[in-house]
Every structure is written in C-alpha cells, then in structure tokens.
Visitor: 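Encoded as structure tokens, here's the structure I'll be asking about.
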Amino acid sequence: MPGQLVYVMGPSGSGKDSLLQLAASRAGSQLRLMKRYITRSAESEGEDAFSLSPDAFDAMQARGEFAMSWRANGLAYGIPIELDNLLAQGHTVLVNGSRAYCESAVQRYKSALVVLVQVDPPLLLQRLLQRGRESRQEITQRLARNCALDIAFMDRLREQGARLVVLDNSGDLDSAVTQFLHTIEQATTLERQ
Ligand SMILES: Nc1ncnc2c1ncn2[C@@H]1O[C@H](COP(=O)(O)OP(=O)(O)O)[C@@H](O)[C@H]1O
Ligand SMILES: O=P(O)(O)OC[C@H]1O[C@H](OP(=O)(O)OP(=O)(O)O)[C@H](O)[C@@H]1O
C-alpha cells in the first residue's frame with residue numbers, strides 16, 4: 001500500500017511547525033514528521049531541524065540526498081531522500097514545505113495532500129514577534145514575501161489535479177490540530193479506497 005505525503009505550507013508564522021509537532025505527538029507512530037536540513041544556526045528556537053553550513057548543504061544536494069529542496073528567507077531547506085523510503089513502506093509522512101516550491105513538489109508526488117495554513121493577517125506579525133526567532137527586519141522581509149508570492153499557484157495546483165486543503169490556524173492550536181488530523185484521516189482513507 002503506497003504511503004501518503006502531507007505537504008504543509010503557509011506564511012512564516014502561520015503555525016506550520018507548531019501544527020506538525022503537535023499532530024505528530026498526538027498521532028504517534030501513525031504519522032512520520034520529516035526532519036528538515038536547514039542552513040539556520042542550531043541555536044535558533046523552534047523547529048527541530050538538522051542545522052548545516054551552506055557548503056555542506058550544497059554537497060548533500062549534489063549527492064542527491066534530498067528528495068526536495070528550495071531556498072528562501074536567505075536559507076536553504078532540504079527534505080531527505082529518506083522520505084521516498086517511508087512512502088514506499090506505506091507511511092503517512094508530514095513535510096514542512098514551501099508555497100514557492102509546492103508545484104514542483106506536486107509534480108514529483110502527484111498524490112500529495114497539500115495543506116495551506118492560513119492565519120488572519122493581523123495575527124501573523126504578532127505571532128512572528130512572539131516567536132522571537134527572527135529580527136524585525138527579517139520579519140518584515142518574510143511578511144513581504146507573502147505579498148510577492150504569486151497567489152495563482154493555488155489555481156495552478158488545482159489544475160494539476162492536486163488535493164489542496166486550506167487550514168485556518170487563527171484560533172487555538174488544539175482545534176487546528178484536531179481539524180488537521182481529521183483532514184489527513186479523510187484523505188488517507190479516500191486514497192486507499
Ligand atoms: N494557534 C495558535 N495560537 C497561538 N499561537 C500560535 C498558534 N500556532 C502557532 N503559534 C505560535 O506562533 C509562532 C509561529 O508558529 P510556528 O509554528 O513557528 O509557525 P511557522 O512554522 O509557520 O513559521 C510560534 O511562537 C507559535 O508558538
Ligand atoms: O515559500 P514559502 O511558503 O514562503 O516558504 C519559504 C520557507 O519558509 C518556511 O520555512 P521556515 O521554517 O524558515 O520559516 P517559518 O518557520 O517561519 O515558516 C517554509 O517552511 C519554507 O521553507
């Protein structure tokens with residue numbers, strides 16, 4: 001039985017990492033959360049990711065050790081090729097993705113469930129400030145990225161036949177995670193019928 005990729009994306013600060021961590025802890029072994037390789041200092045708060053230098057990242061990429069990779073926010077992000085093994089073994093795998101990369105992701109993983117996390121815009125700045133990981137300038141750049149992204153990607157994803165779900169995380173995290181897990185359950189049940 002093939003596995004299911006759940007590709008989660010959304011603006012910085014929308015709560016992707018929080019949703020993924022809590023969903024993975026609630027679901028236990030039923031879900032696998034891919035740990036990312038990011039050229040971000042290991043000291044940075046928040047996401048449990050492998051930290052590596054840009055040169056080390058480029059070397060991994062050159063060796064084909066990433067199933068997916070992209071660059072944004074002055075950083076490089078890699079999803080290890082182990083993802084393909086987990087999917088082949090039938091696992092449901094969660095990935096913290098990128099909106100700018102999502103069309104490439106769906107081209108490679110055609111049955112992916114794409115979850116766009118959304119938050120009321122006024123909340124976004126508040127949450128990024130609350131997280132306290134980025135400088136005010138970096139926060140401004142991340143918010144500006146949202147405006148620069150071509151929102152037609154959602155229509156293009158649907159034209160590609162992608163399964164796209166929008167998840168609102170403006171309320172409490174627990175409710176959003178419950179909705180997220182329910183969405184995954186529905187998608188994996190449908191996929192396997
Ligand atoms: N539903 C929520 N309610 C309140 N705070 C939240 C919620 N979801 C996430 N947060 C907080 O908002 C900040 C950004 O969340 P994070 O998961 O890092 O977002 P992303 O990974 O999308 O950048 C963090 O400080 C996190 O604790
Ligand atoms: O193309 P975009 O949708 O804008 O995403 C760009 C990158 O930013 C986010 O990661 P990161 O962990 O650096 O930021 P975040 O935790 O603040 O989302 C996201 O996971 C992507 O890797």
Side-chain angles (χ1 to χ4, degrees), residues 5-26 33-52 54 57 61 66-80 83 93-107 112 114-154 156-157 162 164-181 183:
L5 171 63
V6 181
Y7 183 92
V8 179
M9 60 185 192
S12 284
S14 58
K16 300 180 298 297
D17 202 48
S18 303
L19 284 158
L20 288 166
Q21 298 284 349
L22 187 50
S25 69
R26 273 206 210 160
L33 172 57
M34 287 311 294
K35 194 168 172 179
R36 300 195 293 183
Y37 284 80
I38 306 177
T39 54
R40 179 163 45 209
S41 66
E43 292 69 44
S44 62
E45 292 303 307
E47 176 176 353
D48 178 21
F50 296 109
S51 176
L52 74 175
F57 186 96
Q61 192 163 43
F66 293 134
M68 294 184 272
S69 61
W70 57 86
R71 293 171 194 273
N73 310 317
L75 300 166
Y77 303 82
I79 307 298
L83 166 63
V93 188
L94 307 179
V95 164
N96 187 338
S98 150
R99 292 162 297 177
Y101 186 82
C102 68
E103 288 170 87
S104 301
V106 169
Q107 279 163 14
V114 180
V115 179
L116 175 64
V117 182
Q118 285 190 331
V119 158
D120 295 342
L123 271 178
L124 217 42
L125 173 59
Q126 176 190 327
R127 292 209 179 147
L128 285 167
L129 291 171
Q130 164 200 333
R131 177 170 73 184
R133 185 174 75 201
E134 284 80 24
S135 67
R136 192 61 197 260
Q137 184 186 0
E138 286 169 326
I139 287 175
T140 302
Q141 288 165 349
R142 281 164 179 254
L143 293 174
R145 181 179 168 87
N146 298 329
C147 307
L149 275 173
D150 167 15
I151 56 167
F153 76 86
M154 290 185 41
R156 291 196 298 271
L157 274 181
L164 175 62
V165 172
V166 177
L167 178 69
D168 188 85
N169 185 33
S170 303
D172 71 282
L173 183 60
D174 272 335
S175 305
V177 170
T178 300
Q179 177 63 39
F180 180 50
L181 291 172
T183 299

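The first residue of the sequence shown is numbered 1, and numbering continues consecutively from there. Just follow the structure's listing: the first ligand is 1, and inside any ligand the first atom is 1. Computed from heavy atoms alone, side chains included, the values below leave out hydrogens, waters and symmetry copies.
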Visitor: Please find out if less than 6.0 Å separates the ring center of F57 from that of Y77.
Guide: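 No - the distance between ring centres of F57 and Y77 does not fall below the 6.0 Å cut-off.
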
Visitor: List every atom of ligand 2 that sits less than 4.0 Å from any heavy atom of A72, numbering the atoms from 1 in the order shown and giving each element.
Guide: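 Every atom of ligand 2 under 4.0 Å from some heavy atom of A72: 6 (C), 7 (C).
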
Visitor: Please find the pair of heavy atoms, one from L123 and one from S170, that lie closest to each other, and give the distance.
Guide: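 Taking every non-hydrogen atom into account, CD1-O, 3.4 Å.
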
Visitor: At less than 4.0 angstrom from any non-hydrogen atom of G97, what atoms of ligand 2 do you find?
Guide: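 The atoms of ligand 2 under 4.0 Å from a heavy atom of G97 are 19 (C), 20 (O), 21 (C).
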
Visitor: Among the heavy atoms of S14, does any lie under 4.0 Å from an atom of ligand 2?
Guide: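 Flag not set, S14 not near ligand 2.
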
Visitor: If we set the cut-off at 4.0 Å for heavy atoms, which region of R71 has an atom near ligand 2: side chain, backbone, both, or neither?
Guide: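 Looking at R71 and ligand 2, no heavy atom falls under 4.0 Å.
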
Visitor: Against heavy atoms of R133, which atoms of ligand 2 measure under 4.0 Å?
Guide: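 With R133 as reference, the close atoms of ligand 2 come out as 12 (O), 14 (O), 15 (P), 16 (O), 17 (O).
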
Visitor: Relative to atom 12 (O) of ligand 1, which among R142, R127, R131 owns the nearest non-hydrogen atom?
Guide: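 Checking each option, the heavy atom nearest atom 12 (O) of ligand 1 is found in R127.
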
Visitor: Using a strict cut-off of 4.0 Å, indicate which atoms of ligand 1 neighbour a heavy atom of S12.
Guide: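 Taking each heavy atom of S12 in turn, ligand 1 has 23 (O) under 4.0 Å.
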
Visitor: Testing the basics here: between N169 and V119, what is the closest heavy-atom pair and its distance to 0.1 Å?
Guide: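 Looks like O-CG2, 3.6 Å.
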
Visitor: Does R36 reach the main-chain N or O of N96 with its side chain, forming a donor-acceptor pair under 3.5 Å?
Guide: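 Pair found, side chain donor or acceptor close to backbone of N96.
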
Visitor: Can you tell me if N73 has a non-hydrogen atom under 4.0 Å from ligand 2?
Guide: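 Yes, N73 has a heavy atom closer than 4.0 Å to ligand 2.
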
Visitor: Using heavy-atom distances, let me know which of G13, S18, S14 sits nearest atom 26 (C) of ligand 1.
Guide: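 Going through G13, S18, S14 one by one, S18 has the nearest heavy atom to atom 26 (C) of ligand 1.
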
Visitor: For R145, give me all partners under salt bridge (Lys or Arg N to Asp or Glu O under 4.0 Å), at least two apart in sequence or on another chain.
Guide: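 Counting only residues at least two positions away or on another chain, R145 forms no salt bridge (Lys or Arg N to Asp or Glu O under 4.0 Å).
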
Visitor: If you measure from each heavy atom of S175 to ligand 1, is any distance below 4.0 Å?
Guide: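 Heavy atoms of S175 never come under 4.0 Å of ligand 1.
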
Visitor: V117 versus M9: any side-chain heavy-atom pair under 4.5 Å?
Guide: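 No; the side chains remain at least 4.5 Å from each other.
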
Visitor: Is W70 in contact with ligand 2, taking contact as a heavy-atom separation below 4.0 Å?
Guide: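 Checking ligand 2 against W70, which is what was asked, there is a heavy-atom contact under 4.0 Å.
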
Visitor: Just heavy atoms, cut-off under 4.0 Å: does D172 contact ligand 1 by side chain, backbone, both, or neither?
Guide: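 Near ligand 1, D172 shows its backbone, while the atoms from C-beta on stay back.
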
Visitor: Which atoms from ligand 2 have a heavy atom of N96 less than 4.0 Å away?
Guide: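 Those of ligand 2 that fall under 4.0 Å from N96 are 20 (O).
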
Visitor: For Q137, check side chain to side chain contact (heavy atoms under 4.5 Å, CB included) against everything at least two apart and list the hits.
Guide: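 Partners of Q137 by the side chain to side chain contact (heavy atoms under 4.5 Å, CB included) criterion, ordered by chain and then number, come out as S135, Q141.
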
Visitor: Nearest heavy-atom pair of L181 and A23: which atoms, and what distance?
Guide: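 Smallest heavy-atom distance, with atoms named: CD2-CB, 3.9 Å.
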
Visitor: Which atom names give the shortest non-hydrogen contact between L22 and D174, and what distance separates them?
Guide: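 Distance-wise, the nearest heavy atoms are CD2-OD1, 3.4 Å.
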
Visitor: With no hydrogens and no angle check, do the side chains of R127 and S14 hold a donor and an acceptor under 3.5 Å apart?
Guide: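 No.
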
Visitor: Is it true that R99 and N146 share a donor-acceptor pair across their side chains at a distance under 3.5 Å?
Guide: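 Yes, because at least one side-chain N or O of N146 sits under 3.5 Å from a partner of the opposite role on R99.
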
Visitor: Enumerate the atoms of ligand 2 whose separation from the nearest heavy atom of S98 is less than 4.0 angstrom.
Guide: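 Reading through ligand 2 atom by atom, the close ones are 1 (O), 2 (P), 3 (O), 5 (O), 21 (C).
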
Visitor: Is it the side chain (CB and beyond), the backbone, both or neither of A176 that lies under 4.0 Å from ligand 1, heavy atoms counted?
Guide: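 Within the 4.0 Å criterion, A176 makes no contact with ligand 1.
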
Visitor: Heavy-atom contact under 4.0 Å between R145 and ligand 2?
Guide: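 Yes, R145 has heavy atoms under 4.0 Å from ligand 2.
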
Visitor: Are F153 and Y101 close enough that some pair of their side-chain heavy atoms sits under 4.5 Å apart?
Guide: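 In short, these two side chains do not touch, never coming nearer than 4.5 Å.
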
Visitor: Within the 4.0 Å heavy-atom shell around P11, which atoms of ligand 1 are there?
Guide: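 Matching atoms, with element in brackets: 22 (O).
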
Visitor: With heavy-atom distances below 4.0 Å as the criterion, list the atoms of ligand 2 near G13.
Guide: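 It comes down to these atoms of ligand 2: 17 (O).
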
Visitor: Select the closest option to atom 12 (O) of ligand 2 among R36, E134, K16, judged by heavy-atom distance.
Guide: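 The residue whose heavy atom sits nearest atom 12 (O) of ligand 2 is R36.
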
